[in-house]
Amino acid sequence: MGYNHKKIESNWQKKWEKDQLYKTSDDQDKPKYYILDMFPYPSGAGLHVGHPKGYIATDVTARMKMMQGYNVLHPMGWDAFGLPAENYAIKNKVHPRVAVEKNIKVFKKQLGRIGFTHDWSREVNTTDPDYYKWTQWAFIQMFKKGLAYESDEPIIWCPSCQTGLAMEDLEDGKCERCGSDVERKPLRQWVLKITDYADRLLFDLDSLDKWPDSIREMQKNWIGRSEGAKVKFEVRNWKSEIEVFTTRPDTLFGATFMVLSPEHELVNKITTKENEAAMIKYQEEASKKSDLERTELQKDKSGVFTGAYAINPVNKKEIPIWIADYVLASYGTGAIMAVPAHDQRDYDFAKKYKLDIVPVVLPDKASYLVIEKSLPQSLVKDLQKYGKVNVEKIDKDWGGFYRVEVELDKEPEFMKFMEDNLLESSDDGGAWYTDSMGTTDHAIFSGKTFSIKDKKSFEEFKKYGISLSIPKDQLDIVLEAFTDIDNGTMINSQQFDGQKPKEAIKKIIDWLEKEGIGEKAVTYRLQDWVFSRQRYWGEPIPIVHCPKCGAVPVDEKDLPVVLPEVKNYEPSGTGESPLAGIDDWVNTQCPKCGVDAKRETNTMPQWAGSNWYYLRYIDPDNKDALVDYEKEKYWSPVDFYVGGAEHATRHLIYSRFWHKFLFDIGAVNYQEPFTRLQNVGLIMAEDGRKMSKRWGNVINPDDIIDEYGADSLRVYEMFMGPFDQAVNWDTNGLRGTRKFLEKIFKFDKWQDGDSKEAKTVYHQMVKKVTNDVENLRFNTAVSAMMIFVNKIVEIGCSKEIFQNFLKVLSPFAPHLAEELWVKSGKDESIFLSKWPEYDESQIQVDTIQLVIQVNGKVRDKIQVEPEIAEAEVKKLALASEKVQKFLEGKESKKIIYVKGKLLSIVV
RNA sequence: GCCGCGGUGGUGGAAUUGGUAGACACGCUGGACUUAAAAUCCAGUGGUUGCAUAAACCGUGCCGGUUCAAUUCCGGCCCGCGGCACCA
């Protein structure tokens with residue numbers, strides 16, 4: 001009888017379902033383990049083989065944890081609101097709900113065939129009114145705390161999807177869903193004050209030490225916290241002030257002009273008559289530019305002069321006020337003080353419009369480039385006296401590049417040394433000073449000019465990235481902004497002259513505060529979360545607009561506000577959602593005063609439902625609360641969360657925000673929702689591209705399961721490579737894992753007892769698999785099982801060891817393991833058995849191979865007992881012919897012995 | 001440009017408190033079985049020199065360094081991937 005995967009897999013899937021083997025109990029007598037997959041979006045395309053990779057990994061872990069005695073929660077559900085479902089429905093002319101229901105059925109069937117432990121009695125669906133009741137409830141709590149507010153600021157608008165978007169919904173400046181260029185459009189919208197939580201979202205990242213560093217880093221950058229100061233600049237002949245944010249208050253004395261964003265509220269007030277026309281034209285142009293155009297033109301700065309002047313508060317100098325679109329309205333105060341000597345953007349702008357550049361920090365180091373075909377080592381060592389020397393062999397023909405950074409106080413000695421040792425101090429010398437912009441084609445230093453001996457063109461040097469600096473006495477030729485905050489000394493800054501910029505910042509802020517012209521300040525890149533969409537398929541925002549009371553939340557007892565049926569759910573395009581057209585739904589009474597009022601017709605973004613779904617699995621049928629507080633205390637936080645890295649700055653920030661809010665109002669017990677996070681690497685198609693209908697390279701798991709079986713698919717996906725790394729699908733590799741399972745199926749080399757060798761390889765295998773699953777190294781876990789199987793096929797083993805092996809195999813290949821387990825005479829499911837322990841003492845082997853090295857090279861290998869004495873090893877080593885050959889009768893200077901590993905002889 | 005991650009055979013990848021580089025698997029080559037093919041089984045498989053299952057040398061992106069010993073540590077650079085991007 002061959003390995004009939006079809007029969008085995010469908011039999012066991014039915015049996016497990018019938019026995020409710022994976023139903024999770026709320027009994028709190030066992031330690032809990034909550035393992036979670038990012039729930040899928042049930043799209044019309046169905047699953048491809050890449051989708052289940054993460055689910056297989058959590059399933060393997062869940063099964064091992066069950067067998068290790070944990071109460072495991074491993075649920076699954078559907079994230080089914082949002083644009084993709086709606087667009088799919090419009091395209092296929094069906095109601096989104098109908099499409100979603102159909103898709104869920106397909107997904108569920110496909111997932112079922114892979115043999116997961118999901119407890120479907122806890123299934124959640126974000127589009128179920130009993131579910132989104134609590135999404136709406138949470139929104140109302142935020143509204144009550146002032147964290148949900150209406151705003152009329154211009155937002156990002158996608159003309160194709162016809163809805164407003166949050167900044168997180170952009171990809172390369174385009175709509176993430178449809179790829180359209182987006183516009184700025186003023187539109188009334190609901191916004192969540194996530195910035196109130198910015199510091200907590202940032203600082204609590206430190207506690208998430210079981211998250212990938214890359215995700216924590218991305219969130220940190222996304223929040224983009226900057227410390228600095230706010231400084232007030234008076235406008236000349238005008239009563240108002242302009243406030244700016246700067247991270248470099250130490251450069252305040254170098255502020256030679258100011259720049260406002262075109263949208264800044266003061267612009268129209270302070271612009272003088274003669275500049276008005278140009279101003280209006282520039283503002284119009286700026287508003288027409290898409291975000292993409294604004295950033296694409298990065299290098300080409302543009303702006304116009306307002307005609308007005310401000311007073312630099314620290315030195316009372318009058319400085320012109322410009323507007324330019326390189327200053328963003330959405331960051332800081334929407335206005336900057338421009339310090340062209342120490343900010344590259346300001347520098348570029350100043351160069352273009354011929355504005356003053358005043359350096360206020362003098363660099364402490366200059367850098368030189370020395371080119372020499374072969375510089376003697378001794379000379380390099382000498383050079384190090386003057387600063388840092390980097391050796392770069394860039395091009396064979398050119399020999400070595402030696403870049404020398406010199407401390408300025410050692411500069412005369414350095415120059416003398418160079419002339420004495422290396423350079424011809426003539427016009428044909430060899431020392432170069434250049435800037436990274438490549439605008440010089442000759443060297444400038446201390447009044448001396450050198451040019452290169454063999455006349456290679458400057459362009460050739462430029463491509464090697466020659467670096468820069470500003471020589472002390474050449475400050476009038478500032479070639480680029482000097483922005484290094486860790487290097488330099490302040491000048492032109494009155495009482496702060498001579499200080500180091502970093503240390504001066506605090507003193508300057510104190511002084512600004514004393515003088516009443518500025519204060520310490522923090523600002524964030526993160527913006528408040530635009531939370532309304534002008535589309536149909538989402539949770540209605542539970543607000544009523546009353547002509548007397550304003551925005552009033554719906555009474556909690558009236559929740560959910562059910563999404564009404566609508567004839568036409570296509571977007572209206574007017575900036576209003578399709579809900580606005582349903583009069584008998586829109587018209588209602590104010591929950592507060594009872595007068596006629598209108599419902600809010602915007603809906604929530606897709607992320608709303610996914611913010612908190614993991615909490616609902618804990619208590620999916622609760623009618624009185626989002627989640628029972630005591631149950632939540634037991635099950636939360638999620639011990640292990642697995643999903644794609646693409647959610648790093650959206651779902652995973654939104655969720656943390658939402659969770660912290662729920663914590664603040666006492667709805668949940670813990671500050672952070674997810675203890676440990678792991679990213680799944682994508683599975684690419686065999687051709688190396690993403691699997692997509694478009695390329696015709698999609699592999700459907702159903703086909704694979706038909707031909708090779710779910711167990712082969714599971715083992716293969718775990719074996720493909722490191723779990724978090726992208727790999728190409730390879731059907732030949734899949735055949736390899738199938739062969740591995742067949743080998744197990746056919747195994748019949750039984751023995752009564754076990755040899756030492758069999759025991760050793762068994763315990764090694766158990767140890768490796770146990771540890772590797774815990775640490776998500778599934779590929780090496782599978783490899784350990786293969787080594788074990790290869791060995792017992794060769795030497796045989798007892799039934800007992802084989803049964804224990806089946807336990808270890810069972811999380812990976814549950815159907816096959818269960819089948820062979822029962823065939824071997826067991827009555828109860830293998831998943832109710834106890835995970836095997838390994839015995840460290842059994843792993844020890846009788847003899848080990850010890851390596852003998854001579855001068856670090858392996859010359860011989862000897863078989864010895866693990867506990868052999870050092871003296872004995874030496875004796876054996878020196879007796880070896882091979883070793884003798886390399887000793888050539890020489891005396892050994894030193895002998896290094898590493899127990900159990902090697903003996904190294906140095907001669 | 002900035003931040004993060006990575007670079008190991010023909011391929012996916014193993015091995016890092018520095019200690020035998022290439023586990024395991026795929027592919028390939030040769031052989032067995034077969035009328036033949038597929039499947040299966042056995043053997044070989046980093047490179048160079050070599051009759052060799054003898055031996056030596058080279059080899060973990062590049063250039064240097066530390067060390068008895070470096071894929072692993074240090075300095076510099078190149079390339080690839082991901083994120084951010086006029087963030088003051």
Side-chain angles (χ1 to χ4, degrees), chain A residues 172-173 212-222 224-226 228 244-248 251 259 294-301 324-328 330-339 342-346 348-349 377 380 388-394 400-403 464-465 523-527 645-646 648-649 679 716 719-722 724-737 739-740 742 777 779-780 782-787 790 849-861 882 885 892-896 898 900-907:
Chain A
D172 295 330
D213 290 341
S214 60
I215 302 288
R216 291 199 290 173
E217 201 58 35
M218 276 161 77
Q219 293 211 349
K220 201 177 144 191
N221 294 339
W222 193 263
R225 186 182 199 272
S226 292
V244 302
F245 172 78
T246 178
T247 54
R248 293 291 302 270
T251 63
V259 186
R294 248 168 108 147
T295 51
E296 261 178 2
L297 299 168
Q298 267 185 52
K299 280 184 187 130
D300 191 20
K301 301 268 179 300
D325 64 5
Y326 81 89
V327 174
L328 307 176
S330 55
Y331 184 80
T333 63
I336 61 156
M337 63 176 208
V339 185
H342 304 290
D343 181 285
Q344 192 59 42
R345 295 154 301 177
D346 298 343
D348 294 342
F349 195 78
Q377 279 297 303
V380 174
K388 213 166 119 187
V389 180
N390 301 322
V391 182
E392 295 155 46
K393 277 230 170 75
I394 293 169
F401 274 61
Y402 291 79
R403 184 159 67 213
Y464 299 128
T523 194
Y524 304 91
R525 200 198 82 107
L526 182 73
Q527 293 172 30
E646 68 272 19
T649 51
N679 295 128
Y716 174 58
F719 183 60
M720 290 176 90
D724 57 354
Q725 199 176 296
V727 254
N728 292 354
W729 178 264
D730 175 18
T731 302
N732 281 323
L734 176 75
R735 288 196 191 104
T737 54
K739 274 202 285 194
F740 165 62
E742 280 171 5
R777 293 193 298 253
N779 55 331
T780 49
V782 173
S783 145
M785 289 189 283
M786 287 174 167
I787 292 168
N790 289 345
Q849 194 178 53
L850 205 102
V851 168
I852 314 294
Q853 294 183 345
V854 179
N855 284 342
K857 289 198 172 181
V858 180
R859 294 305 180 189
D860 200 6
K861 297 165 186 177
K882 290 175 184 169
K885 195 171 127 196
S892 61
K893 275 190 225 157
K894 199 167 150 192
I895 295 180
I896 295 135
V898 182
K901 289 257 166 76
L902 58 75
L903 184 89
S904 185
I905 303 168
V906 188
V907 293

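Computation of the quantities below employed the complete heavy-atom set of this structure, encompassing side-chain atoms and omitting hydrogens, waters and symmetry-equivalent molecules. Just so we're clear, the structure is a prediction, and the values are computed from it rather than from any experiment. Labels below follow one simple rule: chain letters A, B, ... track the order of the sequence lines, proteins then strands, and each chain is numbered from 1.
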When you get a sec, tell me which of [options] is the closest nucleotide to the side chain of [X]?
X: I896(A); options: C68(B), U20(B), C86(B); result: C68(B)
X: Y326(A); options: G13(B), C86(B), A56(B); result: C86(B)
X: I787(A); options: G4(B), A23(B), G12(B); result: A23(B)
X: S904(A); options: C68(B), A21(B), C24(B); result: C68(B)
X: V327(A); options: A88(B), A21(B), A25(B); result: A88(B)
X: K857(A); options: G13(B), C57(B), A23(B); result: C57(B)
X: L902(A); options: A25(B), G19(B), A88(B); result: G19(B)
X: N732(A); options: A21(B), G27(B), A14(B); result: G27(B)
X: K861(A); options: G19(B), U20(B), C26(B); result: U20(B)
X: D343(A); options: A88(B), A21(B), C57(B); result: A88(B)

Just checking [X]: base, sugar-phosphate only, or nothing, at a heavy-atom cut-off of under 4.0 Å?
X: P722(A); result: sugar-phosphate
X: G332(A); result: nothing
X: F740(A); result: nothing
X: V898(A); result: base
X: R859(A); result: sugar-phosphate
X: Q853(A); result: base
X: N790(A); result: sugar-phosphate

Self-check item: Ring geometry between Y326(A) and F349(A) (parallel below 30°, tilted from 30 to 60°, perpendicular above 60°)
Solution: tilted
Roughly how far apart, to the nearest Å, are [N] and [M] at atom [atom1]?
N: G10(B); M: U45(B); atom1: P; value: 15 Å
N: U17(B); M: U53(B); atom1: P; value: 34 Å
N: A23(B); M: U8(B); atom1: C1'; value: 13 Å
N: A52(B); M: U20(B); atom1: P; value: 29 Å
N: G47(B); M: G59(B); atom1: P; value: 16 Å
N: A55(B); M: G19(B); atom1: C1'; value: 24 Å
N: G65(B); M: G46(B); atom1: P; value: 31 Å
N: C26(B); M: A70(B); atom1: C1'; value: 30 Å

Closer than 4.0 Å, any side-chain N/O of [X] to the OP1 or OP2 of [N]?
X: N779(A); N: A23(B); answer: no
X: T523(A); N: A88(B); answer: no
X: R777(A); N: A14(B); answer: no

Can you tell me the Watson-Crick or wobble partner of [N], both distances under 3.5 angstrom?
N: U53(B); result: none
N: G46(B); result: C58(B)
N: A32(B); result: U40(B)
N: A14(B); result: none
N: C68(B); result: G19(B)
N: A85(B); result: none
N: G75(B); result: C63(B)

Atom-to-atom span, [atom1] of [X] to [atom2] of [N] - whole angstrom:
X: I895(A); N: U67(B); atom1: CD1; atom2: P; result: 20 Å
X: D860(A); N: U20(B); atom1: CG; atom2: P; result: 16 Å
X: N221(A); N: C84(B); atom1: CG; atom2: C1'; result: 7 Å

Less than 3.5 Å between a donor and an acceptor, one on the side chain of [X] and one on the base of [N], is that the case here?
X: S783(A); N: C24(B); result: no
X: K220(A); N: C3(B); result: no
X: Q725(A); N: G13(B); result: no

Quiz item: Which residue lies toward the 5' end of RNA chain B, Q527(A) or N728(A), if each is placed at its nearest nucleotide?
Solution: N728(A)
Quiz item: Which sits closer to the 5' end of RNA chain B, W222(A) or M337(A), going by the nucleotide each is nearest to?
Solution: W222(A)
Self-check item: Syn or anti conformation of G12(B), syn meaning chi within 90° of 0
Solution: anti
With 3.5 Å as the limit, what N/O pairs link the protein to nucleotides 37-47 of chain B?
none

